[in-house]
Structure formats: C-alpha cells, structure tokens
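Everything below concerns the one structure shown next.
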Amino acid sequence: FVTAARDVVFMSSDRINWTRIDDVRLCGNSLYFETDLQNEEMYFTVTLYYTPCNYKNLIEYAAGSDLCRITNIGTDMGGDDIYAFCVTDFSVPEEGKRCVYLQGAQHCSEFNGAHLCDFMIRYLCSGDADSKILKKYIFRFVPIASMTSLRKGMDVHESGINPNRDWVNRELPSTRAIHNYLQGLNVKPSLLLDIHCGLANYGSWDICQALSVNDNLPEPELGNMKRFFDIVYENCDFLPVAKKYWISFVDKTMFDGYGEQYGQTHTMEISHYALYDRKAGKHFPIEQSGISRFAKQLAGAINIFLEEIKDGRKNM
C-alpha cells in the first residue's frame with residue numbers, strides 16, 4: 001500500500017481542487033515530503049479524495065446550467081440526500097432519444113467514479129461538447145451512491161452491507177432509491193456504467209484499470225459488450241491493452257447483473273493511483289486533469305458506440 005501511496009499524496013486549500021505532490025520519498029514504511037503551504041489552512045490526503053465540498057461545488061455548477069436538472073431521489077441512512085443529475089437538450093423531446101446512465105461511489109472509499117461523473121457533467125454542460133450529442137441522448141448520473149458513508153470518510157459502508165451485493169434484496173436506502181429512480185424513467189437506460197476503483201495491483205499496468213465483459217451473454221449482446229470495450233480502447237486514455245477483456249462474475253445481486261434488465265451494463269474500474277496516457281504510451285499518477293480528459297473522451301466513445309448499434313438491441 002505505501003509504495004502506491006507515494007504516487008497519490010495530494011493537497012488542497014479548498015477541498016475541491018487537489019494538487020499532487022510529486023516528490024514524495026518512501027523510507028521504509030513511511031512517506032516524506034516537503035511543500036510550501038499556500039494558505040494558513042491546508043488539507044492533505046492519500047488517494048484522490050472526492051469530498052463533500054467537491055459535491056457541493058458540482059451541485060452549484062449544475063444548478064446554473066439549462067442543460068442539467070437535479071433530482072433528489074432519496075435519503076441515505078445518515079439523512080444525506082441522494083441526487084441524480086440529468087444532462088440533455090431539454091428542447092428536444094425524450095421520445096426518440098437514448099439514455100445513458102453512470103454511477104459512482106457505491107463503495108464509499110472508491111472516489112474516481114464520483115470524479116468521472118463530475119467531470120462529464122461539467123463537460124456536457126460547458127458548451128464544449130458536440131451539441132448534437134445532447135439532442136440524441138439523455139445522460140443520467142448518480143455520482144455518489146453511498147453518500148452518508150462517503151461523507152463520514154469511511155472505508156466500507158457503515159451498515160456492513162456491500163452495496164454492490166444488494167441489488168436483489170435492496171436492503172439499503174441508497175440501493176432502493178436508485179432502483180426506484182431507474183424504474184420511474186420514461187426512457188430506460190440502454191447503456192449503464194457502474195464505476196469503481198478497486199483494482200490496486202501496483203505496477204501491474206495492464207490490469208490496474210478494467211472494463212467488464214459478461215461472456216455468459218448470447219450474441220449479439222456479447223459482441224456489443226466487446227465492441228464497447230474496443231471503442232473505449234481506441235478512443236480513450238484508459239485501457240493499455242486491446243482485447244484484454246475483464247471477464248466479470250455477474251449475478252443479479254451486483255449492479256452489472258441488475259442493470260441488464262434495462263440495457264448493456266459494464267463495471268468500470270479506474271485505478272486508485274494511475275491513469276493511462278495513449279499518446280505517451282504509459283501510465284502516469286492519477287490526477288484530476290487526467291480524469292477530466294478521460295471523461296470527455298468517454299462521452300465521445302459512448303456516442304460512437306451507440307451510433308454503431310442503434311438498430312441492434314431491442315432496448316436501444
């Protein structure tokens with residue numbers, strides 16, 4: 001752990017913008033660094049933490065955009081509101097559009113899903129994205145599923161229940177809230193991404209990030225899953241090896257099994273500590289700028305994929 005931690009020491013004065021400290025030294029099992037304090041009050045973290053301040057800032061940004069609507073979909077076990085964000089061109093009717101759903105932080109200490117959702121929401125609302133995308137698609141996000149446990153800074157869910165094994169019984173208020181939200185949509189998602197950052201094999205660069213493929217599916221569904229993998233590989237700074245599918249164990253208790261009632265569902269693992277750069281041909285330590293770049297690329301990859309198969313699966 002401490003070897004990987006050396007690459008992911010961050011500091012911030014506002015708990016929103018995080019600067020990586022790149023000269024951390026490892027001596028035994030201790031980390032040492034020197035840095036200039038920018039303000040009287042500074043915050044330090046190991047891993048790229050997504051804070052409640054990050055989330056409040058996103059909510060304020062999205063609330064000011066005509067392209068985004070925020071819905072309170074439920075209350076987590078500690079009284080925290082659970083929000084869903086919808087980004088689309090609302091002047092174009094929902095009928096005929098396809099829906100994409102992304103969620104993060106089912107596991108409260110896996111922050112990169114929240115960062116990815118945050119940056120994609122900002123990108124789609126910024127005017128930098130192709131305006132045609134929002135005329136064709138409805139992007140829906142739940143950036144933080146386990147809000148109470150994340151706010152408390154917990155390593156695992158405070159209930160002791162694994163949220164990603166709760167999609168049959170739905171014991172947790174967060175799982176029920178997301179289920180009810182998805183069930184109530186007029187246009188159900190045709191592509192769903194459940195974003196984690198649980199792979200942590202430091203130095204195993206081929207497998208420190210992954211995109212799942214459920215090889216138990218029949219054709220054409222299996223082919224569509226592999227095609228999405230390939231498009232992400234071809235267009236994003238994410239996967240370093242082509243055709244290295246992560247074959248996931250899928251059952252209905254997990255979101256990737258649950259989500260298949262709506263459409264094609266993938267689990268995505270973003271490394272805690274590194275992100276691949278295709279142009280450079282190597283990994284670099286994770287930073288907000290890298291996730292922001294990936295979020296823009298992923299939005300484009302989703303568009304390419306859905307355009308390719310729009311006449312394929314019945315839910316499309």
Side-chain angles (χ1 to χ4, degrees), residues 73-74 76-77 82 84 99-110 112-114 116-117 140-146 149-150 154-185 188-201 207-229 232 239 243-272 305 309 312-316:
I73 63 171
D76 208 353
M77 57 195 311
I82 303 169
C99 178
V100 180
Y101 174 76
L102 297 90
Q103 72 177 17
Q106 272 206 86
H107 295 146
C108 54
S109 59
E110 298 181 12
N112 287 337
L116 180 64
C117 290
R140 298 188 181 273
F141 304 84
V142 175
I144 301 178
S146 299
S149 297
L150 183 143
M154 303 188 73
D155 184 45
V156 296
H157 200 279
E158 70 171 341
S159 68
I161 297 171
N162 182 343
N164 203 29
R165 300 295 185 275
D166 188 42
W167 289 96
V168 171
N169 295 334
R170 295 193 284 275
E171 297 178 57
L172 297 174
S174 55
T175 312
R176 291 195 299 273
I178 293 169
H179 168 73
N180 291 337
Y181 173 67
L182 293 174
Q183 287 285 295
L185 297 177
K188 298 293 191 292
S190 53
L191 179 65
L192 303 91
L193 300 178
D194 182 30
I195 308 160
H196 294 258
C197 48
L199 296 181
N201 298 309
I207 59 171
C208 69
Q209 65 283 301
L211 187 64
S212 70
V213 170
N214 179 5
D215 66 348
N216 292 320
L217 291 175
E219 296 291 355
E221 287 88 347
L222 177 58
N224 288 343
M225 293 201 83
K226 291 181 176 180
R227 182 57 187 147
F228 182 66
F229 180 106
V232 171
L239 296 161
K243 308 292 184 183
K244 195 177 182 70
Y245 304 124
W246 173 38
I247 307 300
S248 62
F249 174 74
V250 175
D251 67 50
K252 299 303 181 183
T253 69
M254 301 162 64
F255 186 82
D256 52 5
Y258 163 85
E260 289 179 350
Q261 66 183 288
Y262 305 110
Q264 181 169 318
T265 307
H266 294 266
T267 298
M268 176 178 284
E269 298 275 3
I270 301 176
S271 167
H272 278 289
F305 172 70
I309 65 167
R313 290 182 63 171
K314 60 182 180 180
N315 287 337
M316 296 289 177

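Side chains included, hydrogens not; waters and symmetry mates left out as well; all remaining heavy atoms used.
- In this structure, the side chain of N169 does not engage the main chain of E171 through any donor-acceptor pair within 3.5 Å.
- A 4.5 Å side-chain heavy-atom check between L239 and K244 finds every atom pair outside the cut-off.
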Passes side-chain contact (heavy atoms from CB on, under 4.5 Å), F229 versus R227? Steps please.
-> CA-CA 5 Å; F229 180 106; R227 182 57 187 147; over 6 Å; no
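- Remark: the backbone N or O of E158 is paired with a side-chain donor or acceptor of S149 at under 3.5 angstrom.
- Note that CD1 of I161 is 5.5 Å distant from CG of D166, once rounded to the nearest 0.5 Å.
- Shown here are the ring pair (Phe, Tyr, Trp, His ring centres under 6.0 Å) partners of H157, two or more places apart in sequence or in another chain: there are none.
- With rounding to the nearest 0.5 Å, the separation of OG in S212 from CG in D194 is 9.0 Å.
- Looking at L191 and Q264, their side chains come closer than 4.5 Å, going by heavy atoms from C-beta outward.
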side-chain contact (heavy atoms from CB on, under 4.5 Å) between F305 and V232: does it pass, once the steps are laid out?
-> CA-CA 9 Å; F305 172 70; V232 171; over 6 Å; no
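- Considering every non-hydrogen atom in both L192 and G259, the closest pair reads CD1-O, 3.8 Å.
- Here L150 contributes atom CG and S174 contributes atom OG; the two are 12.0 Å apart, rounded to the nearest 0.5 Å.
- Classification of the F255-Y101 ring pair by plane angle, with boundaries at 30° and 60°, yields tilted.
- Summarising the geometry, atom CD belonging to Q106 is positioned 9.5 Å from atom CG belonging to L172; distances are rounded to the nearest 0.5 Å.
- Note that the CZ atom of R140 and the CG atom of L102 stand 12.5 Å from one another [nearest 0.5 Å].
- Using a 4.5 Å heavy-atom threshold, the side chains of N216 and V250 count as separate.
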Chi angles and distances behind the side-chain contact (heavy atoms from CB on, under 4.5 Å) call for I195, N112 = CA-CA 8 Å; I195 308 160; N112 287 337; 5.7 Å; no
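- Separation of atoms CD1 (I73) and CD1 (I82) is listed at 6.0 Å; rounding is to 0.5 Å.
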List the steps and the verdict of ring-ring contact (aromatic ring centres under 6.0 Å, His included) for Y258 and H179.
-> CA-CA 9 Å; Y258 163 85; H179 168 73; 5.8 Å; yes
Can M268 and H196 be said to form a side-chain contact (heavy atoms from CB on, under 4.5 Å), step by step?
-> CA-CA 6 Å; M268 176 178 284; H196 294 258; over 6 Å; no
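- Judged by distance alone, the side chains of N162 and H107 do bring a donor and an acceptor atom under 3.5 Å apart.
- In this structure, C197 and E110 approach most closely via the heavy-atom pair N-OE1, 3.0 Å.
- Looking at K243 and Y245, their side chains come closer than 4.5 Å, going by heavy atoms from C-beta outward.
- Of the residues listed (T267, N164, T265), the one engaging D256 in a side-chain hydrogen bond (donor to acceptor under 3.5 Å, both in side chains) is T267, and it is the only one.
- Closest non-hydrogen pair, S271 versus Q209, comes out as N-CB, 4.3 Å.
- Residue W167 comes nearest to K252 through the heavy atom pair CB-O, 3.6 Å, listed as atom of the first residue, atom of the second, then distance.
- Counting heavy atoms from C-beta on, the side chains of M77 and S159 come closer than 4.5 Å.
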